[in-house]
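Residue numbering restarts at 1 for every chain, and letters A, B, ... go by the order of the sequence lines.
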Amino acid sequence: MKIKLDHVSVKFGDLYAVKDISMTIDKGEYVTILGPSGCGKTTLIKIVSGILRPTEGRVFVDGEDVTDVPIEDRDTGYVFQNIALFPHMTISDNVGYGPRVRDLDSEAVTGTSRQYLELVNMLERAGMMPNEISGGEQQKVAIARALASGSKMLMLDEPLSALDARVRMELRYEIRRLVKKLGITVLHVTHDQEEAMSVSDRMILMRNGGIAETSTPLDMYRRPETIFSAYFVGETNFLECTVVGKTKTGKTTVRLRNDTIVRVAKSKFNVGDPVVISVRPEHVYTASDGLPATVRNVVFMGTYWRIRTLSATDDYIEYNIPADDDIPELGDEVFLVFNKKATLVFARPSEGLEEAIRLE
Amino acid sequence: MSIFKRIDDLSSSPRIRKGWFSAALIIFLTLIIIPAVFVLLEAVIEWESVSEVLGDPTMTGMIWGAVSNSFSIALIVTILDIVVGLPMAWILVRRSFRGKRYLDTLIDMPLAFPTAAVGISVVMFWGAPEGVAIPGLGLVMSPYLIVILLHTVFTFPYMVRSLAGILDQIDPSFETAGMTLGASRLTAVRTITLPLFRAGLVTGFILCFARSLSETGGTYIALQMLGVSSSFFTGPTFIKYMKDLPGADPTGALIVVSVIMIVLAVALLLVAKYMMNRLRLPWTKVWPVWERRLSKGLAARSKDILTFVFLFVIVILPSFYIFAYLTAPSGVADLNSLFGAIGISFAIAGIAVVFNIVFGIPMAIYIARNGNTRLGVLLDNLVNIPLIIPTTVLGLSLSMFWGSFNLPAGAAFFLVTLGHISFTYPLVVRNITGAISEVDPSYEEVARTLGAKPFRAFSKVLLPIVQSSVIAGAILAFTRSLGETGATISISKDVVTVPVYIMDLIEQGQYYQGAVAAMILIVICFILMFGVRYLTGRRKQGA
C-alpha cells in the first residue's frame, strides 16, 4: 500500500510534536524513521495508523484520504514498543484476535492464527501464555498478530529495543525477510542507526518534529545533506574552516583554524565562505606530515582501536587503526591527513555548530 | 536519639525481629480476630436461648427479613456502583479535560461524610420527612428504595476509587493494540481491558458490599425519619432495635442474626476470592456491527452524560442537601454536648489509628514480603475478616467476648476503642501492604549493604517511600472511625460519640440539632481529609 502524508502537523497544547511533514512511502517499501528521542518518530506512525489524528494536514493510503477513518477501520498493523501482547490470552488467541473481532467463524480464526504463527516459526508455542515465552518470541508473536488481521501496512514502534543484542540482530533480518516475502509496506521507528541502516530501503531522519533528511542508507552515510545527518548517522569529526581555493570543476581547498590547508571533496562553496568539514574516523590516517595532533585517549573497540587526539586546531579528532596494529602512547604527537574525497563540506551554521547538532 | 539507637541495635538480632512480629501477630489474633468471631462460640455456649429463638416463627421471620434485606440491598447497590462506576473510572483515568482535578475531588467528597449525616441528608432530599422544615423532592418511596439510594451515596466513591486504581495500572496500549487489529472501542474494552480488570472489580465489589452490609447509623436514622424503624430492618438495625427493646432478653436473637451475617459474609468473601482467580469472562463472541455502533456518537455520549447525571443526582446532591439547613436556622445548637461528643470521637479514632499503625506495619511487611508462603496467605485472608463482618455484629461479638472477663463498669470507653481498632485495622494494613509490595526489596537491601541496621533501613528507606500510603490508610481509618455508629452502640450505650449523639437527637425528633451536629462533623472530616491530602500532595511534588 502506498502511504502519503500531506503537510501533516500534530500539536499537543502549544507544542508541535510533528510539524508540517510531507512524505510518500511506496508500496512494499521498508522505511525506517530514525532520530533522537522526542523528535516525533512515534507520533508520525501513530498518525499513519490512526491512533492520533493530525491537527493539520491529510493522510492518504493508496490515494484515498483516510484522515478521518477511525483506528479500527484503518487496517494498519501496529507493533508496540512494549509488545502489548494481551496477557490473558494464549499466543494463538492473541494472533487470532484480529480475525475474531471481525466476527469470522472460529475455524477461520484458528486457521489464520496458525498460518501466521507458522510464518514466524512460533506454531509450537501456540498454546502458551505470553509470559511463558521469551522477549524475542513475544515480539515475533506481536508481528504475527499485527499481520494476521490481513493488513498490508505494518508500523513497528522500536520493536527490538527491549531485546538482547544478539536476539535483536537476528530478529531484524527475520522481520525484513518476512515483510518482503509478503510485500508489506513497513514504517519502522528506531533510534538505533545501525539497525536502521541494515534493514531499510530508505531512511527518514527526523529532528524536532520535522524531517531532516530522507535518502537510502548508503547515501545518508556517504553523502549526508546536512550537518545533523552527518553527525547522527555514523560517527564523524567536525572542523570549522574557511574556503581558500576553488577550481572550475569544484575541487575545494579550505584553511583550518591553525592555517593548515586541506584539500576536500567537490563543493559548491566559494572562496571566503565560512564552512565546516566533516570527516569520518575511518577516513582519517596518520602520515609523516599533516595536521599535528596529540594522542589523548586510546580505546579498544573489538575489531579496531579508536584513537582520540587533540589537534593543533584545538579540535578533537578521532581515527581508527586495525586491532592488530601497534598503538600510539598517550601524549604522542601524530600527523593527521584526511581522505579528501570523503571529506564533506557544509556551510557553517549561523546558529553555531553545537546548536546545529544538538539532539533535543 | 538514644532510644532510636537502642531500637536500631536491637533490630540487628533476628530473634528480636521475630519476637516483634510475633507480638504483632498475637495482638492481631487476640485483640482483633478472636473477639470479632467470638459470637460463633457464644452460639454454642448460649445454645438454649438460640434454639428458643429458632423455634419462634415470628422471630425467625423477622431475622430472615432483616438479613435478606441487608444482603439484597448490598447486592443491588454494588451492582449499581459497578455499572456506573466503570464509565466514571474510565473518564477519570483515560480522559484528560479541564476541571478533571475538581471532578476527582468531588467524587471523594462523600467519603468525608459520616454516614449518619448522609442518612439525614438523603431522606431530606428525596422525601419529605415529618418535622423537617426544609422542603425536599417529597417523593414517597419504600424504605427499601431509600436505603438503596442512601447506601449508593457512600459506596460509590469506594467503587470508583478501586476501579480507577486498577485501570490506571493497565497499560492503555493493550486497548489501542486491539483497536489497530480492528476492534471497536467497546469490543476492545470488553475483550481486553475488562478481563485484565478482574482483580479491581472483585476488590471494589467486596469493599462496597461490606460497607453496605455494615452500615448502621445512617440507615437507622433514615428509617427513623421515615417512621419505620420498628417495622423495617436491615441486619444491623435489627440488632440495634433488639438491644433497645425493653423487657425481653435479646441475647438469642442477637446471636442468631450475628452468626448468619458472619457466615454469609465470610462465604461471600471466599467466593469472591475464588472468582478473582478462576473466573473467566466467557464472552469471546464479538458483534462487530453493533459494538461499533455503540462505541461512538450518540450512544457513547449518552453513556457519559448518564454517568454524570447519576453522580450529581444520586450521589452529590443528596449528600450535600443537609447544608440546606443553613438557610433556615431554627433554635440554638447545644454546642457543649456536641463538643464533648467530638472529643470522645477524636480520642477513640486517634488511639485506634495510632495503635493500628504501630501494630499493623509489622503485619503489613510480613504479608507483603511473604505473600506466597502459607502463613502469608492465611494472614492476608484473616486481615480481611474484620472488614467483611458488619461492624454492629463485630461490636456485639467483641462485647460478648470481653463481657465474659467481668471487666469493671468504667471499661466501656476501652471496649469501644477496641471495637474501633478492629474494624479500622484492615483499612490501615491493606493500604500499607499494597504499598510495600510495590516497593522493590532491593532498596532496603542496598541500605543494609551500606551499613544500616534493619530498623534504620526501615525507618529511613522503606517508611519514607510508603509514607503516603500510611497516611492515606490512617485518614481512611480515622474518618471511618469518626463516622462509625454500629460498632459503638452495639458495645456500649454510655460512650456517646458524634454519630451516636446525632442518632439520639434524631430519635428525639430534634432534626435541626442533629443536622447542625452532622454539618460540623462533615466540615471536620473534610478539613482533615483534604488538609492531609494537600500536605502529602505538596510533599510529593516537592520531592
K.L.:
Calculate, to the nearest 0.5 Å, the distance between atoms CZ and OG1 belonging to Arg102(A) and Thr187(B) respectively.
P.N.:
11.0 Å
K.L.:
Let me know if Pro70(A) has heavy atoms under 4.5 Å from chain B in its side chain, its backbone, both or neither.
P.N.:
side chain
K.L.:
So with a 6.0 Å cut-off around NZ of Lys27(A), is the heavy-atom count from everything else above 12?
P.N.:
no
K.L.:
Counting only heavy atoms not in Glu132(A), do more than 12 fall under 6.0 Å of its CD?
P.N.:
yes
K.L.:
Side chain, backbone, both or neither: which part of Leu85(A) has an atom under 4.5 Å from a heavy atom of chain B?
P.N.:
backbone
K.L.:
Given a strict heavy-atom distance threshold of 4.5 Å, which part of Ile51(A) is in contact with chain B: side chain, backbone, both, or neither?
P.N.:
side chain
K.L.:
Would you say that more than 12 heavy atoms from the other residues, nucleotides or ligands in this model lie under 6.0 Å from the CZ of Arg185(B), or not?
P.N.:
no
K.L.:
Going by atom type alone, with no hydrogens or angles, which donor-acceptor pairs under 3.5 Å involve a side-chain atom of residues 181-188 of chain A and a protein atom two or more places apart or on another chain?
P.N.:
{"residue": "Thr185(A)", "atom": "OG1", "partner": "Met1(A)", "partner atom": "N", "Å": "3.0"}
{"residue": "Thr185(A)", "atom": "OG1", "partner": "Met1(A)", "partner atom": "O", "Å": "2.8"}
{"residue": "Thr185(A)", "atom": "OG1", "partner": "Gly28(A)", "partner atom": "N", "Å": "3.1"}
{"residue": "His188(A)", "atom": "ND1", "partner": "Tyr30(A)", "partner atom": "OH", "Å": "2.7"}
{"residue": "His188(A)", "atom": "NE2", "partner": "Glu195(A)", "partner atom": "OE2", "Å": "2.8"}

K.L.:
Below 4.5 Å from any heavy atom of chain B, which atoms of Asp93(A) appear? Answer side chain, backbone, both or neither.
P.N.:
neither
K.L.:
Could you check Ile192(B), Thr191(B), Leu194(B) and say which one makes a side-chain contact (heavy atoms from CB on, under 4.5 Å) with His88(A)?
P.N.:
Ile192(B)
K.L.:
Count the heavy atoms of every other residue, nucleotide or ligand shown that sit under 6.0 Å from OH of Tyr102(B), and state whether that count exceeds 12.
P.N.:
no
K.L.:
Flag the one option from Ile83(A), Asp73(A), Asp75(A) with the top tally of heavy-atom pairs under 4.5 Å to chain B.
P.N.:
Asp73(A)
K.L.:
So which residue, Pro87(A), Gly98(A), Ser149(A), ends up with the most heavy-atom pairs under 4.5 Å with chain B?
P.N.:
Pro87(A)
K.L.:
Determine whether more than 12 heavy atoms belonging to other residues, nucleotides or ligands lie under 6.0 Å from atom CZ of Arg176(A).
P.N.:
yes
K.L.:
Anything in residues 167-183 of chain B with a heavy-atom distance to chain A below 4.5 Å? Please list those residues in order.
P.N.:
Asp171(B), Ser173(B), Phe174(B), Thr176(B), Ala177(B), Gly178(B), Met179(B), Thr180(B), Leu181(B), Gly182(B), Ala183(B)
